[in-house]
2 protein chains.
Amino acid sequence: MGHSKAEKDKSHRRIVKTAAARFRERGVDGIGLADLMKEADLTHGGFYGHFDSREELVAEAVECALRDGGEAVAAVASAKQPPAAVLRLLVDAYLSLAHRDGLATGCAVTSMANDVARSNARARSAYTKQVGIYLELLAKLIAADKRKSRRAKAIAALATLVGAVSMARAVNDEKLSRELLKSAADELKAQLG
Amino acid sequence: MGHSKAEKDKSHRRIVKTAAARFRERGVDGIGLADLMKEADLTHGGFYGHFDSREELVAEAVECALRDGGEAVAAVASAKQPPAAVLRLLVDAYLSLAHRDGLATGCAVTSMANDVARSNARARSAYTKQVGIYLELLAKLIAADKRKSRRAKAIAALATLVGAVSMARAVNDEKLSRELLKSAADELKAQLG
DNA sequence: ATTATCTATAGATCTATAGATAATGC
DNA sequence: ATTATCTATAGATCTATAGATAATGC
């Protein structure tokens with residue numbers, strides 16, 4: 001206890017990172033502050049030295065979770081390949097079994113959509129911004145003459161990615177779950193290739 | 001108090017219906033039993049005369065919410081028009097502002113996806129079944145030679161509908177929200193028409 | 001007599017706060 | 001001396017249960 005300011009920053013980031021993982025996994029209401037602090041190797045009493053309220057942690061955790069997913073997508077997108085090939089890589093990664101099952105580290109645009117819709121302005125703004133980033137990235141990669149058409153196709157493609165992963169996680173029929181991911185991927189690649 | 005068995009059934013349905021609305025709106029963890037019972041004009045003590053546990057109510061509420069959405073979709077789908085026109089009606093209804101804003105009565109395949117993924121087997125089975133129903137309906141309406149191709153296109157279309165509404169609800173930029181709905185609808189109608 | 005619902009409450013858990021403690025940094 | 005974290009606890013809320021009450025239905 002009573003460590004340096006640098007230590008406090010590390011603690012702060014540890015709390016936010018833990019929350020970003022657990023909130024994606026169990027939902028924003030699925031875990032309490034005491035358990036989060038414990039997982040961050042702190043006691044619950046210290047929480048309010050880092051945040052004014054639970055809401056503030058939710059906002060920071062949503063920002064962190066969205067950044068996570070954004071970085072994972074950017075990593076795939078940086079592959080030195082033609083746009084169409086990069087697009088295929090992105091679609092396959094997003095609609096992979098690893099992403100479906102890796103809730104804690106996956107894209108928060110899907111896993112936190114419902115929670116964010118009910119959340120505070122800061123969380124919603126972060127979400128809005130990340131959707132904008134994904135749309136710009138996709139629009140650049142999509143083969144189409146007009147910019148307006150690329151934008152519309154990017155929106156439909158992102159919606160397909162988000163919806164397919166949402167449903168693939170909710171159904172309890174493994175065969176159907178895989179079919180949802182596979183067919184959505186095939187259709188997207190056929191449409192945008 | 002102490003009414004007939006018929007009255008009890010009515011109370012039961014009132015509780016489930018209330019939960020189906022509030023769970024879609026606020027999430028499964030967003031409202032407690034006491035408030036739900038109060039909204040159903042009952043006191044919280046009576047809850048366990050109707051359900052063995054909260055989980056059981058969640059299962060029944062998910063079933064009820066999915067049925068709701070299914071009936072609304074079936075109503076639109078029963079329009080006496082050619083398949084392509086019915087498909088356009090469905091897409092426009094699902095991606096309407098009314099559906100985006102009508103969480104309490106809207107399609108639970110979108111609004112409860114994340115909650116159901118974390119929920120019990122009964123809730124997940126009901127969700128799985130409803131996804132199956134939507135896919136069969138869409139596959140019938142889609143113009144394509146082969147059955148396998150229609151099925152894959154139905155999956156991509158349903159995913160697009162679910163993802164677009166999810167994101168349109170989460171962003172806090174009204175213009176972007178409307179663009180998401182409009183572009184997804186336009187693309188779907190262009191692809192499937 | 002049976003039973004659907006009510007009042008009252010137990011026990012757990014949640015957010016938030018107060019004050020103590022043990023490090024850091026002047 | 002300052003401060004990051006700890007222990008302890010207040011007060012609200014949550015699920016679940018026990019026993020009382022007031023209807024229904026024989």
Side-chain angles (χ1 to χ4, degrees), chain A residues 1-62 115-116 118-123, chain B residues 1-62 115-116 118-123:
Chain A
M1 8 180 160
H3 302 338
S4 65
K5 194 156 197 169
E7 287 286 315
K8 187 178 186 183
D9 277 359
K10 279 180 71 176
S11 293
H12 189 98
R13 276 193 294 273
R14 223 163 51 239
I15 299 167
V16 173
K17 200 171 173 175
T18 303
R22 293 300 153 262
F23 287 169
R24 273 178 281 184
E25 223 171 52
R26 308 187 201 173
V28 161
D29 295 322
I31 184 164
L33 298 182
D35 285 343
L36 281 172
M37 292 296 278
K38 194 185 290 175
E39 196 181 325
D41 285 316
L42 294 163
T43 55
H44 62 280
F47 181 82
Y48 292 91
H50 290 277
F51 307 93
D52 283 345
S53 65
R54 190 186 204 279
E55 283 264 288
E56 197 172 297
L57 170 62
V58 171
E60 288 195 33
V62 167
D115 278 335
V116 166
R118 294 185 282 264
S119 197
N120 57 66
R122 188 171 159 198
Chain B
M1 7 179 161
H3 302 338
S4 66
K5 193 157 199 173
E7 287 286 315
K8 188 180 186 184
D9 277 359
K10 278 180 72 176
S11 292
H12 189 98
R13 277 193 293 272
R14 222 163 53 238
I15 299 167
V16 172
K17 201 171 173 176
T18 303
R22 292 302 153 259
F23 286 170
R24 272 179 282 185
E25 220 170 56
R26 307 188 201 172
V28 160
D29 296 323
I31 184 164
L33 299 182
D35 285 343
L36 280 172
M37 291 296 278
K38 194 186 290 174
E39 197 182 325
D41 286 315
L42 293 163
T43 54
H44 62 282
F47 181 82
Y48 292 91
H50 290 278
F51 307 94
D52 283 345
S53 65
R54 189 185 205 278
E55 283 263 289
E56 197 172 296
L57 170 63
V58 171
E60 288 194 33
V62 167
D115 277 337
V116 167
R118 293 185 283 264
S119 198
N120 57 67
R122 189 171 158 196

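In the text below, chain A, chain B and the rest are named by the order of the sequence lines, each starting its count at 1.
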For atom CZ of A/F51 and atom P of C/dT15, their distance in whole Å: 13 Å
Residue A/L33, side-chain atoms from C-beta onward, closest of C/dT15, D/dC6, C/dT5: C/dT15
Does B/R22 form a side-chain contact (heavy atoms from CB on, under 4.5 Å) with B/D35? I'd like the steps, not just the answer. CA-CA 10 Å; B/R22 292 302 153 259; B/D35 285 343; over 6 Å; no
From CG of B/L42 over to P of D/dA23, roughly how many Å is that when rounded to an integer? 15 Å
Candidate nucleotides C/dC14, C/dA16, C/dA8, ranked by approach to the side chain of A/Y48 - the nearest: C/dA16
Of the candidate nucleotides C/dG25, D/dT24, D/dT5, which contains the atom at the shortest distance from the side chain of A/S4? C/dG25
Could you pull out the closest heavy-atom pair between A/T43 and A/M37, with the gap in Å? O-CE, 3.3 Å
May I ask you to verify if any side-chain N or O of B/H44 is less than 4.0 angstrom from the OP1 or OP2 atom of D/dT13? no
Earlier contact from the 5' end, DNA chain C, for A/A34 and B/H12: B/H12
Whole-Å distance, A/M37 CE to D/dC6 P, equals 7 Å
Euclidean distance, atom CD1 of residue B/I31 to atom P of D/dA12 [Å, nearest integer]: 20 Å
Quick one: is B/S53 getting a side-chain N or O under 4.0 Å of the D/dA16 phosphate, OP1 or OP2? no
What is the separation between atom NZ on A/K8 and atom C1' on D/dT5, rounded to the nearest whole Å? 10 Å
B/F23 vs B/L36, side-chain contact (heavy atoms from CB on, under 4.5 Å): CA-CA, chis, key distance, verdict: CA-CA 10 Å; B/F23 286 170; B/L36 280 172; 3.8 Å; yes
Separation of A/K38 atom NZ from C/dC14 atom C1', in whole Å? 14 Å
Can you tell me if A/T43 touches the phosphate of D/dC6, counting only side-chain N or O atoms and a distance under 4.0 Å to OP1 or OP2? yes
Over all heavy atoms of both residues, which pair between B/R54 and B/I31 is shortest? Give the atoms and the distance, please. NH2-O, 2.6 Å
